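Reviewing the structure listed below.
Count residues from 1 along the sequence. Owing to the predicted nature of the structure, the values given are computational and were not obtained by experimental measurement.
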Amino acid sequence: MMNQSVLKKYGTLIGALGILLVIALFVQSNYMLSLLSQAVIYTILAVSLQLIFGYAGQVSMAHAGFFGIGAYTSAILTYHYDWNFVLAFLMAGVVAAIVSLILSPMAKLGEIYFAMSTLAFNLILTIVFANGGNLTGGWNGLPGIPFPNIFGWVVDSKKEFFILASIVLIVQYLFMIRLTEGRLGRNFRAIRDNQLAASSLGINIGLTKIKGFILGCFWAGLAGSVMVHMYAFVSPEPFSFHESITVILMVVLGGLGSFVGALFGGFGITFLNEVLKEIPLYRPIFYGLFIVVMMIFWPNGLYGLVKKFQKQTKETLIKYTKINLSLKKYLSQSKDTNQTILKMDHVTKQFGGVVALDNVDLEVKQGQVFGLIGPNGAGKTTFINTITGLEKPTIGKVTFLDEDISGKPMYYVGAKGMVRTFQTSKLFNSMTVVENVMVGTSTILKNDIGMAILQNKEYHIEEQKAYSIAMSIVNLVGLEDKAFDLCANLSYGHRRLVEIARALASQPKVLFLDEPAAGLNLKERENLKDLIIRLRNEFGITIFIVEHDLNLLSKICDHMAVLNFGKKIADGLPQAVVNDPEVIQAYLGRRDKKHA
């Protein structure tokens, strides 16, 4: 099993290494070697952007700018200050990473705002490069950049530069594959697919994006260092935002979310550009037509086209064998039903002049199934959003396990143990069922950048445990036959169960379910009822459920409250609440009605 996994993981790397070796041995044309070296360098750039864009979901329009930071850093240090190439090369990556760290608040912006701010930054960088005086050479550039001397190996021929660039690409590809395999890689993909769902599981969206941004910019800086020494010249033109767009095209046309796709895109676009140079008048037309055709017929890029012809079995998706563990020990919470686990005091939420929640007080005991009902527009979802950190209360206090969490962000609340599902299911559609559930273990695992790169014994133990937990919970919710299906292909009812399973994987102390029975058929509702009762009785999990199906709630709830126009109008045992005259008038309509 592990041999197959290793072959799957490193097969592309081994194949690429073989091709690069053949080229190094048999290609003698300086023109072709120069073109191939350029293709390798731009592929390094594309792979680094794939981490930022394809994995973390950030469209950086400044990647060529960070490419330029690395290039100018290496050129200045070796040209003006006689630094050794190895040190200048490393410093090129470090300086690009430091600049990205300074700009890290941009990484927390939404996709459009991030793209616009990075575009502006790239424009600023071009002006800085062009007006750096003697230090940068201005628009005329710096000629005579020294050739690299790497511990006695003087790289001064086209073939040697091709070998150097290929070594950097191979090391980078290995770095990226290992980086994105474990917890951090799943977090990147989760954020790309659905930031709200990722945050609800305790994943710090901003911090995770910053990690991807810094690492991607670091490798862009290294690529710039290799390029500037290959050409022995540096000027501002190759680092304009037009080049950033070219690199984005490499990632998109190669295949978003795949480092193999970045390899295809890097080499493919570089050679396409070279071919179209022969017809400069028609180049934009052919370029545009190619992109349009690709996006219409193969929106997943070249790698997506290749994958259509590959057979992927369940066995190829299994990285670890499932180990036996006690799911009861993993999920079980205290069964002290006298303990108040969650308390809301005078919680009010206003949207401008609209009062969505009006002075609401509620108290949830440990191990309860607590039901919240109310007519449409009563403020039920706003209530959950306010409690779980998606919205901040205008007035009032939310206390969870004796801690004031009023106004805390969703990822903080999720990491503390208050995890939710959503009114419309929010899954990570590019991932399988078991991968979705493994994302739920994110706050429990420790492996991050260092452990992911080293992949030591502790890393593999953690990953095997996460896989085993996920598979056990998938079995618990009855989806064992769907464990390796993509979530994008699941039915509505199965999507609901995956969302609950994913929340369970995070070891929730309180599980919020926002209309989980909506859209389910009678059999699925019955299965949901049995699951909720089992979670309460067997594991002692406190469940807060918003639902319209009173028949379901009357069978599972220990306590119930009612909202109407943002105000609490009833709070108590289910039977007493259902028979309350004010509830009948506001919500049920008449006494014998069972569904809202």
Side-chain angles (χ1 to χ4, degrees), residues 30-31 33-46 48-49 60-83 85 88-96 98-100 118-148 155-158 160-162 164-165 168 217-250 266 269-270 273-274 276-277 280 283-284:
N30 280 336
Y31 164 74
L33 286 169
S34 179
L35 181 59
L36 286 166
S37 298
Q38 181 182 338
V40 172
I41 290 169
Y42 272 92
T43 300
I44 296 169
L45 201 57
S48 65
L49 183 61
S60 174
M61 301 289 287
H63 214 55
F66 288 101
F67 185 45
I69 289 173
Y72 272 98
T73 298
S74 193
I76 290 168
L77 291 177
T78 55
Y79 182 82
H80 289 297
Y81 301 104
D82 296 323
W83 275 43
F85 169 76
F89 171 76
L90 294 174
M91 189 56 66
V94 169
V95 171
I98 290 172
V99 173
S100 69
T118 51
L119 171 61
F121 179 67
N122 205 146
L123 294 171
I124 292 169
L125 278 179
T126 304
I127 295 170
V128 171
F129 295 153
N131 293 276
N134 293 331
L135 189 66
T136 64
W139 285 110
N140 293 325
L142 283 178
I145 307 299
F147 290 125
V155 183
D156 58 0
S157 70
K158 299 298 183 184
E160 287 174 314
F161 269 109
F162 173 75
L164 174 60
V168 175
C217 292
F218 171 80
W219 283 101
L222 296 184
S225 175
V226 176
M227 190 202 73
V228 77
H229 288 278
M230 182 177 76
Y231 291 119
F233 176 76
V234 63
S235 67
E237 287 86 352
F239 312 119
S240 69
F241 80 92
H242 297 289
E243 292 299 316
S244 290
I245 293 172
T246 299
V247 182
I248 289 173
L249 286 175
M250 290 176 179
I269 295 298
T270 301
N273 277 337
E274 189 66 19
L276 294 179
K277 280 182 180 178
R283 181 183 175 190

Looking only at heavy atoms, what is the nearest atom pair of [X] and [Y], with distance?
{"X": "I44", "Y": "A223", "value": "CG2-CB, 3.7 Å"}
{"X": "M230", "Y": "Q38", "value": "CE-N, 4.3 Å"}
{"X": "V226", "Y": "A165", "value": "CG1-CB, 4.2 Å"}
{"X": "S60", "Y": "I248", "value": "O-CD1, 3.6 Å"}
{"X": "T118", "Y": "A62", "value": "O-CB, 3.1 Å"}
{"X": "G70", "Y": "A92", "value": "O-CB, 3.2 Å"}

Nearest-0.5 Å distance that lies between atom [atom1] in [X] and atom [atom2] in [Y]:
{"X": "L119", "Y": "I124", "atom1": "CG", "atom2": "CD1", "value": "10.0 Å"}
{"X": "F85", "Y": "T78", "atom1": "CZ", "atom2": "OG1", "value": "8.5 Å"}
{"X": "H229", "Y": "F161", "atom1": "NE2", "atom2": "CZ", "value": "8.0 Å"}
{"X": "L90", "Y": "L77", "atom1": "CG", "atom2": "CG", "value": "11.0 Å"}
{"X": "L49", "Y": "F67", "atom1": "CG", "atom2": "CZ", "value": "12.5 Å"}
{"X": "H63", "Y": "T246", "atom1": "NE2", "atom2": "OG1", "value": "13.0 Å"}

Mind checking what makes side chain to side chain contact (heavy atoms under 4.5 Å, CB included) contact with [X], not counting sequence neighbours?
{"X": "S244", "value": "A64, N122"}
{"X": "N131", "value": "I127"}
{"X": "L222", "value": "F89, F218, W219"}

Is there a side-chain contact between [X] and [Y] in this structure, where contact means two heavy atoms from C-beta onward sitting under 4.5 Å apart?
{"X": "E160", "Y": "F147", "result": "no"}
{"X": "S37", "Y": "Y231", "result": "no"}
{"X": "T126", "Y": "F241", "result": "no"}

Examine distances only and state if a side-chain atom of [X] and a backbone atom of [Y] form a donor-acceptor pair shorter than 3.5 Å.
{"X": "T73", "Y": "I69", "answer": "yes"}
{"X": "T43", "Y": "A39", "answer": "yes"}
{"X": "S48", "Y": "L45", "answer": "yes"}

Take I76 and Y81, measure what side-chain contact (heavy atoms from CB on, under 4.5 Å) needs, and give me the verdict at the end.
CA-CA 7 Å; I76 290 168; Y81 301 104; 3.8 Å; yes
How would you list, by chain and number, every residue that makes a ring pair (Phe, Tyr, Trp, His ring centres under 6.0 Å) with F121, sequence neighbours excluded?
F66
How far apart are the C-alpha atoms of L36 and K158, what are their side-chain angles, what is the distance that settles it, and do they pass the side-chain contact (heavy atoms from CB on, under 4.5 Å) test?
CA-CA 9 Å; L36 286 166; K158 299 298 183 184; over 6 Å; no
With sequence neighbours left out, the residues meeting salt bridge (charged side-chain N to carboxylate O under 4.0 Å, His left out) with E237 are none
For residues 134-146, please give each side-chain donor-acceptor pair under 3.5 Å, one per line with the distance, not counting sequence neighbours.
residue	atom	partner	partner atom	Å
T136	OG1	F129	O	2.8
T136	OG1	G132	N	3.3
T136	OG1	G138	N	3.4

